[in-house]
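Scroll down for the structure; my scribbles are underneath it.
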Amino acid sequence: MKKGDHLFLVDGSGYIFRAYHALPPLTRKSDGLPTSAVLGFCNMVWKLTQDARNTDVGIVPTHFAVIFDYSSKTFRSDLYPEYKANRSAPPEDLIPQFGLIRQATRAFNLPCLETEGYEADDLIATYCRLACEAGADTTIISSDKDLMQLVGPTVAMYDPMKDRQIGVPEVIEKWGVPPEKMIDLQALTGDSVDNVPGVPGIGPKTAAQLLEQFGDLDALLARAGEIKQDKRRESIIANADKARISRELVTLKNDVPVSEGLDQFVLQAPDGPRLIGFLKTMEFTSLTRRVAEATGTDPGDVAATAVTIERADTAHGPDMGFGAPAAAENIPAPSDEAPAEAAKQGDTPSLLSALRLEAATARKIDTGAYVSIRDAATLRAWIAEAMETGIVAFDIEASSPDPMQAELIGLSMATAPGRAAYVPLAHKSGNGDLLGGGVVENQIPIREALGILKPLLEDKSVLKIVQELKYDLVVMSRHGIDVAPFDDTMLISYVLDAGTSGGHGMAALSEKWLGHSPIALKDLAGSGRSFVGFDQVDIDKATAYAAEHADVTLRLWRVLKPRLAAKGLVSVYERLERPLVPVLARMEQRGISVDRQILSRLSGELAQGAARLEDEIYQLVGERINIGSPKQLGDILFGRMGLPGGSKTKTGQWSTSAQLLEDLAAEGHELPRKIVDWRQLTKLKSTYTDALPGFVHPDTKRVHTSYALAATTTGRLSSSDPNLQNIPVRTVEGRKIRTAFIADKGNKLVSADYSQIELRVLAHVAEIPQLKQAFADGADIHAITASEMFNVPVEGMPAEIRRRAKAINFGIIYGISAFGLANQLSIPREEAGAYIKKYFERFPGIRDYIDATKAYAREYGYVETIFGRRIHYPEIRSSNPSVRAFNERASINARLQGTAADIIRRAMIRMDDALEKAKLSARMLLQVHDELVFETVEAEVEATIPVVRHVMENAAMPAVSMSVPLHVDARAADNWEEAH
DNA sequence: ACAGAAGCTTA
DNA sequence: GTAAGCTTCTGTT
């Protein structure tokens with residue numbers, strides 16, 4: 001060994017005890033063998049020997065050794081019989097781990113050292129001295145204060161649980177004395193655990209102060225009479241002997257006779273197969289994977305190796321892991337699955353689903369059994385466990401349902417059913433009205449906690465399971481964490497059960513699958529006016545609530561995930577649902593600029609217009625009624641004024657619908673016209689010009705909508721808070737609102753929308769030759785339809801004829817009925833029925849399509865899109881004819897609307913990649929069912945449009961090669977109105 | 001304070 | 001005739 005070399009000495013025995021108490025209990029799946037300390041040890045050694053960036057040490061060692069206590073009997077017992085005499089026997093589930101850690105050390109191909117009559121600390125001191133004499137540096141892997149006396153210019157310590165180096169400054173900070181005075185300090189303070197007496201009444205603070213004052217222990221004992229405090233002086237004088245013997249006990253021997261020289265500690269590359277054999281035996285799956293990757297070993301080629309296990313009933317002390325074990329058993333290579341599922345080989349996914357469901361409901365949920373994580377070490381331990389299992393469910397608690405505004409309050413995770421914990425981060429105490437509420441003590445600072453969590457949440461080998469992932473994705477992204485990979489239980493449920501009764505929220509899923517009602521938020525934090533914010537919730541209650549979420553999420557995942565495979569829906573989930581989540585999260589985070597001045601001006605104009613109409617309406621009515629009240633309005637119009645044609649709603653009220661009022665207006669009545677106009681103006685004002693500015697984010701100054709992925713039955717998205725999928729476009733007045741949606745300076749908005757996508761889907765799935773041809777020719781589809789039906793040439797076709805054909809085309813998409821078409825066209829039902837009959841004669845494929853869809857839905861209870869998305873209609877067999885008819889229409893529509901929704905989803909999923917590949921900076925902002933809105937710098941507009949169009953028009957490929965081309969219109973402008 | 005109905009906006 | 005969300009009014013809790 002030479003200058004520049006770096007020796008790592010691991011305090012193996014110290015690590016075992018510390019890891020045992022700090023890490024959550026973990027057992028080998030196949031037989032329940034306790035392994036948490038072994039796993040912690042293996043992870044630590046692997047980290048330390050692999051990459052300097054893994055740890056705070058920042059250096060990969062050239063030499064490495066692991067050192068253990070030989071037995072509890074050492075020279076110190078001869079010196080002082082009571083030394084370590086009050087140590088109780090180690091916990092039962094720790095005993096087998098002593099031997100396993102030694103075996104792990106050998107599997108790592110590392111020196112495993114112990115010497116009879118000495119403690120590990122003495123060997124460490126000895127090798128430290130030898131390394132120092134050779135001019136090399138040493139790092140002791142331990143945080144034991146007994147070893148701090150060794151710290152110096154070439155010797156540091158490293159705390160593997162806290163990932164922290166301990167050098168001279170850290171020792172001084174912690175104990176108030178430099179390392180060379182640690183012996184004297186320990187001599188004074190003693191150690192109750194090791195039964196080192198020390199001087200009664202002297203603790204670390206006093207000891208440090210006395211050593212500062214007198215220099216060292218000898219000087220202190222010689223001049224003890226000078227101590228001013230009576231009690232302290234008397235105690236030191238009376239216990240001087242105890243102090244001296246304590247000093248001998250805590251002084252490490254650095255001249256233990258050793259057989260191995262430092263040169264035998266040169267760090268070797270790991271023997272892949274040997275190490276993997278051991279790790280497989282221990283069933284450390286994710287570490288096995290990492291080691292296999294790093295060593296280029298195929299774990300499938302390696303058989304699990306036999307290990308020797310010492311049983312608690314045959315072990316006779318804490319240090320029994322050496323020599324021949326009294327009893328040993330060879331453990332066979334484990335299977336990959338837990339015993340309950342081990343028999344599944346060759347079984348169907350359906351059977352696995354059934355097993356999982358049984359298992360999920362078998363173990364009851366106990367909200368009292370969850371853990372509150374209040375310090376970084378415990379958090380790290382849970383993370384280590386999650387890293388090991390490779391699967392973790394998590395959930396965040398925050399201050400707002402809006403992920404763009406939400407402040408983190410806490411975070412929960414679950415690593416196995418029933419094993420869940422909550423990490424409070426920002427809980428406050430008291431009602432906070434006087435001093436702003438005190439922050440509850442013992443919460444890990446948010447930054448630190450996120451720093452610890454980030455590697456887990458971003459680790460490619462750990463699957464994160466979340467219910468309603470997008471919310472968490474947005475919140476975590478705001479904290480610089482990109483969660484991946486992930487599963488979303490809400491989306492799995494949506495893929496499995498869209499259309500079946502009940503939603504896909506956690507409470508509903510928990511009751512449906514686990515037969516368990518989780519704690520309701522309103523029971524903890526109140527609701528409405530009495531709502532207090534989650535940060536006011538008592539941490540024990542918050543733990544029960546939040547950890548339960550993680551626990552339930554994990555259990556749901558175990559139940560639901562296998563059902564995807566059993567029902568052949570894996571690819572729908574993996575290709576249409578899951579990848580869209582981060583896409584939407586990014587869109588929501590970006591938001592869109594809204595010009596508040598435009599809205600404010602419009603609002604003023606609308607108010608004026610509405611006020612004028614109000615005056616005129618009051619004149620006509622003769623009193624100041626509430627125009628917004630359909631009840632009052634109906635009474636006035638059809639009661640007092642006796643207008644004709646009144647009809648009743650299902651609650652017996654007079655109907656005052658726009659359609660009805662329009663009809664009256666057409667007959668020359670003045671009042672209904674004004675009411676319709678008033679409604680339009682007040683609707684625009686209240687829903688848009690007045691409400692939208694309230695959604696402008698205080699920091700980003702943009703509007704961030706929220707897209708729901710699992711809200712519709714057909715696969716469409718929905719938008720809320722605010723809904724940006726129903727911004728007016730049909731009337732001139734309404735369109736003005738769109739001019740307020742603008743691009744940032746130097747940018748343009750690009751709007752790209754599919755032309756007639758649902759009719760194209762219809763032409764494709766129903767295989768209608770005339771429609772396919774019309775789309776292939778780029779012809780006017782409604783004119784062609786009219787021409788076919790009414791034998792009128794397309795050239796010079798009257799607008800009314802085309803309008804009727806258009807209504808029929810849309811009617812088909814909606815699952816046509818004579819009643820509906822008659823309403824739409826304001827024609828008698830018989831006439832509408834005749835149109836439909838005619839239509840089916842000209843396009844018999846459409847009648848076949850409708851009949852086939854109804855029959856399919858009736859047989860299976862669901863229909864599918866061309867990409868395999870399933871939409872359920874449980875009431876399709878209802879004996880109620882109108883219920884049945886409604887379900888039939890909905891199922892006909894669902895295939896078309898759902899397929900179109902799938903197509904635009906596919907486009908959205910591919911869009912960001914395509915733009916990036918083309919080196920374009922355009923960013924997707926909005927989706928409105930068949931339209932995508934982008935924002936891009938002016939200079940790139942021309943290059944962006946073809947890329948966007950290409951992705952959208954080819955979105956069905958390669959899964960489905962459509963027999964009808966998709967067509968996309970795209971335009972750029974400064975605002976949404978002009979771009980659309 | 002909340003729920004449902006009516007009405008209106010979008011694709 | 002399909003699929004959504006938001007505002008206002010109204011009656012109940």
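Note: hydrogens, waters and symmetry copies are ignored here, and every other heavy atom, side chains too, is used.
Base engagement by A:Ser817 is indicated by at least one non-hydrogen atom pair under 4.0 Å involving a base atom. Using a 4.0 Å heavy-atom criterion, one finds that A:Gly628 contacts the sugar-phosphate atoms exclusively. Contact annotation for A:Ile727: backbone-only contact, meaning every heavy-atom pair under 4.0 Å involves sugar-phosphate atoms and none involves a base. Heavy atoms of A:Ile813 sit nowhere under 4.0 angstrom from any nucleic acid atom. Residue-level contact check: A:Ala807 touches the bases, meaning some heavy atom is under 4.0 Å from a base atom.
Rounded to whole Å, atom P of C:dT2 lies 17 Å from atom CG of A:Leu759. Between A:Leu633 atom CG and B:dA5 atom C1' there is a gap of 15 Å when expressed in whole angstrom units. Between the C1' atom of C:dA3 and the CG atom of A:Asp902 lies a distance of 14 Å, rounded to the nearest Å. To the nearest angstrom, C1' of C:dG1 lies 10 Å from CZ of A:Phe886. Spacing between atom CZ of A:Arg895 and atom C1' of C:dA3 amounts to 17 Å, rounded to whole angstrom units. C:dA4 atom C1' lies 13 Å from atom CD of A:Glu758, rounded to whole Å. Rounded to whole Å, the distance from CG on A:Leu926 to P on B:dT10 is 16 Å. For the pair A:Tyr754 OH and B:dT10 P, the computed distance is 22 Å after rounding to whole Å.
The existence of a salt bridge linking A:Glu623 and A:Arg640 is confirmed by a sub-4.0 Å separation between a basic side-chain nitrogen and an acidic carboxylate oxygen. Between A:Arg971 and A:Glu978, none of the side-chain N atoms (NZ, or NE/NH1/NH2) sits under 4.0 Å from a carboxylate O, so this pair counts as no salt bridge.
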What N/O pairs connect the protein and nucleotides 10-13 of chain C at under 3.5 Å? Give each pair on its own line.
unit_1 : atom_1 : unit_2   : atom_2 : d
C:dT10 : OP1    : A:Ser629 : OG     : 2.2

Could you list the donor-acceptor pairs under 3.5 angstrom formed by side chains in residues 703-710 of chain A, with sequence neighbours left out?
unit_1   : atom_1 : unit_2   : atom_2 : d
A:His704 : ND1    : A:Glu588 : O      : 2.7
A:His704 : ND1    : A:Gln589 : O      : 3.1
A:His704 : NE2    : A:Thr700 : OG1    : 2.6
A:Thr705 : OG1    : A:Ser719 : OG     : 2.8
A:Thr705 : OG1    : A:Ser720 : O      : 3.2
A:Thr705 : OG1    : A:Pro722 : O      : 2.7
A:Tyr707 : OH     : A:Gln927 : N      : 3.0

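Side-chain N or O atoms of A:Arg877 include one that pairs as donor or acceptor with a backbone N or O of A:Glu859 at under 3.5 Å. Under the 3.5 Å distance criterion, the side-chain polar atoms of A:Arg870 are left unmatched by any main-chain donor or acceptor of A:Tyr862.
Within the structure, every side-chain polar atom (N or O) of A:Ser891 is placed at least 4.0 Å from both OP1 and OP2 of C:dT2. Contact annotation: A:Thr714 does not reach the phosphate of C:dT2 (side-chain N/O to OP1 or OP2, under 4.0 Å). For A:Arg738 and B:dT10, the shortest distance from a side-chain N or O to OP1 or OP2 is not below 4.0 Å. Listed pair A:Thr712 / C:dA4 fails the phosphate criterion, with no side-chain N or O lying under 4.0 Å from OP1 or OP2.
In summary, the side chains of A:Trp976 and A:Glu931 do present a donor paired with an acceptor at a separation below 3.5 Å, with no hydrogens or angles considered. Of the N and O atoms on the side chains of A:Arg895 and A:Thr853, at least one donor lies less than 3.5 Å from an acceptor on the other residue. Side-chain atoms of A:Asp497 and A:His872 form no donor-acceptor pair, as typed in the model, at a separation below 3.5 Å.
Picking from C:dC6, B:dG7, B:dT9 the nucleotide with the shortest atom distance to the side chain of A:Asn726 gives B:dT9. Nearest nucleotide to the side chain of A:Ser655, out of B:dG7, B:dT10, C:dG1: B:dG7. Of the candidates C:dT2, B:dT9, B:dC8, B:dC8 carries the atom nearest the A:Ala658 side chain, counting heavy atoms from C-beta on. If you check C:dA3, C:dG5, B:dA11 against the side chain of A:Ala711, the one that comes closest is C:dG5. Here the nucleotide nearest the side chain of A:Asn723, chosen from C:dG5, B:dA6, C:dT2, is C:dG5. The nucleotide whose nearest atom lies closest to any side-chain atom of A:Thr651 is, among C:dG1, B:dA6, B:dG7, B:dA6. Listed nucleotides: B:dG7, C:dG5, B:dA11. Nearest to the side chain of A:Asp930: B:dA11. Checking B:dA6, C:dG1, C:dA3 against every side-chain atom of A:Arg716, the shortest atom distance belongs to C:dA3. Nearest to the side-chain atoms of A:Lys650 among the listed nucleotides C:dA3, C:dG1, B:dA6 stands B:dA6.
Within the 4.5 Å cutoff, no side-chain heavy atoms of A:His669 are placed close to those of A:Met641.
Residues of residues 673-692 of chain A that place a heavy atom closer than 4.0 Å to DNA chain B, in numerical order, are A:Arg679, A:Gln680, A:Lys683, A:Tyr688.
Separation of the A:Phe886 and A:Tyr873 ring centroids does not fall under the 6.0 Å cut-off. Two rings, from A:Tyr835 and A:Tyr839, have their centers 6.0 Å or more apart.
A donor and an acceptor atom sit less than 3.5 Å apart, one in the side chain of A:Gln897 and one in the base of C:dT2.
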